[in-house]
Colleague: 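The structure is given below, and queries will be raised subsequently.
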Amino acid sequence: MSRFLPLTIRFVNGGTTVVCSIADAKKALAEVWKDKEAPNYLEAVRLVDDAVAGICRPAVAFAAFRKAAAQQGLLRPTDPSAALSMLDQLWSRDP
């Protein structure tokens with residue numbers, strides 16, 4: 001089980017990947033992005049590298065990765081999990 005909720009990333013070249021760990025984020029940052037000179041992208045690269053080196057909390061690095069992907073329009077919406085869908089159905093039932 002991964003530490004983070006999975007993010008679906010769709011790269012500029014049309015490829016997609018699911019990122020749910022710092023190792024996945026590091027691989028995804030090496031793929032084709034819209035702007036690899038953008039400040040948020042560069043910050044994500046630095047923080048992910050720091051997390052791999054053990055000098056940054058993984059949650060901080062993953063949040064920076066998510067922010068960079070969202071700002072470049074690479075973050076794809078995901079469907080709710082089966083469990084969340086069941087809870088929504090239970091909640092929406094009339095008493």
Side-chain angles (χ1 to χ4, degrees):
M1 185 170 176
S2 70
R3 183 172 182 177
F4 304 105
L5 292 176
L7 304 175
T8 301
I9 306 295
R10 183 173 180 92
F11 300 108
V12 174
N13 63 359
T16 61
T17 191
V18 175
V19 176
C20 54
S21 69
I22 293 300
D24 292 343
K26 186 165 180 66
K27 289 178 192 173
L29 287 166
E31 294 291 334
V32 181
W33 287 59
K34 289 181 182 178
D35 183 5
K36 287 193 170 189
E37 299 300 319
N40 288 324
Y41 173 85
L42 296 173
E43 180 181 29
V45 169
R46 181 180 59 81
L47 291 172
V48 166
D49 285 343
D50 286 352
V52 169
I55 57 174
C56 175
R57 290 189 337 214
V60 171
F62 200 80
F65 173 82
R66 180 186 178 102
K67 181 178 179 182
Q71 288 189 336
Q72 292 200 25
L74 304 180
L75 192 58
R76 294 289 156 233
T78 57
D79 295 329
S81 68
L84 184 56
S85 295
M86 288 188 321
L87 284 173
D88 285 344
Q89 288 174 354
L90 289 172
W91 181 257
S92 65
R93 288 186 182 167
D94 292 329

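For the numbers below, each heavy atom of this structure counts, side chains included, while hydrogens, waters and symmetry mates do not.
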Colleague: Looking only at non-hydrogen atoms, find the nearest pair between Val18 and Pro6 and report the distance.
Modeller: CG1-CB, 3.6 Å

Colleague: If you take all heavy atoms of Ala51 and Pro58, which pair is closest and at what distance?
Modeller: CB-CA, 4.2 Å

Colleague: What pair of heavy atoms forms the shortest contact from Ala61 to Ile22, and how long is it?
Modeller: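 Scanning both residues completely, I find the closest heavy atoms to be CB-CD1, 3.9 Å.
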
Colleague: Is Lys36 reaching over with its side chain to a backbone N or O of Glu31, donor-acceptor style, under 3.5 angstrom?
Modeller: yes

Colleague: Counting C-beta onward and ignoring hydrogens, is there a side-chain heavy-atom pair between Arg10 and Leu74 closer than 4.5 Å?
Modeller: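 Sidechains of Leu74 and Arg10: no contact.
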
Colleague: Could you check whether any side-chain heavy atom of Leu47 comes within less than 4.5 Å of a side-chain heavy atom of Phe65, counting everything from C-beta outward?
Modeller: no

Colleague: Does any part of the side chain of Arg66, heavy atoms only, come nearer than 4.5 Å to the side chain of Leu75, both counted from C-beta?
Modeller: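 Yes; the side chains approach each other to less than 4.5 Å.
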
Colleague: Whether the side chain of Arg76 engages the backbone of Gly73 through a donor-acceptor N/O pair (distance < 3.5 Å, no angle test) should be reported.
Modeller: yes

Colleague: Is it true that a side-chain atom of Tyr41 and a backbone atom of Ala69 form a donor plus acceptor pair closer than 3.5 Å?
Modeller: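 A pair under 3.5 Å: no.
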
Colleague: Stepwise, does the side chain to side chain contact (heavy atoms under 4.5 Å, CB included) test hold for Asp24 with Thr17?
Modeller: CA-CA 9 Å; Asp24 292 343; Thr17 191; over 6 Å; no

Colleague: Could you check if a side-chain atom of Gln72 sits within less than 4.5 angstrom of a side-chain atom of Asp35, using non-hydrogen atoms only?
Modeller: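 SC-SC contact between Gln72 and Asp35 confirmed.
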
Colleague: Donor-acceptor check, side chain of Trp33 to backbone of Ala28, threshold 3.5 angstrom: yes or no?
Modeller: yes

Colleague: Heavy atoms, side chains only, cut-off 4.5 Å: are Phe62 and Leu7 in contact?
Modeller: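 Answer yes - side chains close enough.
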
Colleague: Would you mind reporting whether Val52 and Lys26 have side-chain heavy atoms less than 4.5 Å apart?
Modeller: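 Yes, their side chains come closer than 4.5 Å.
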
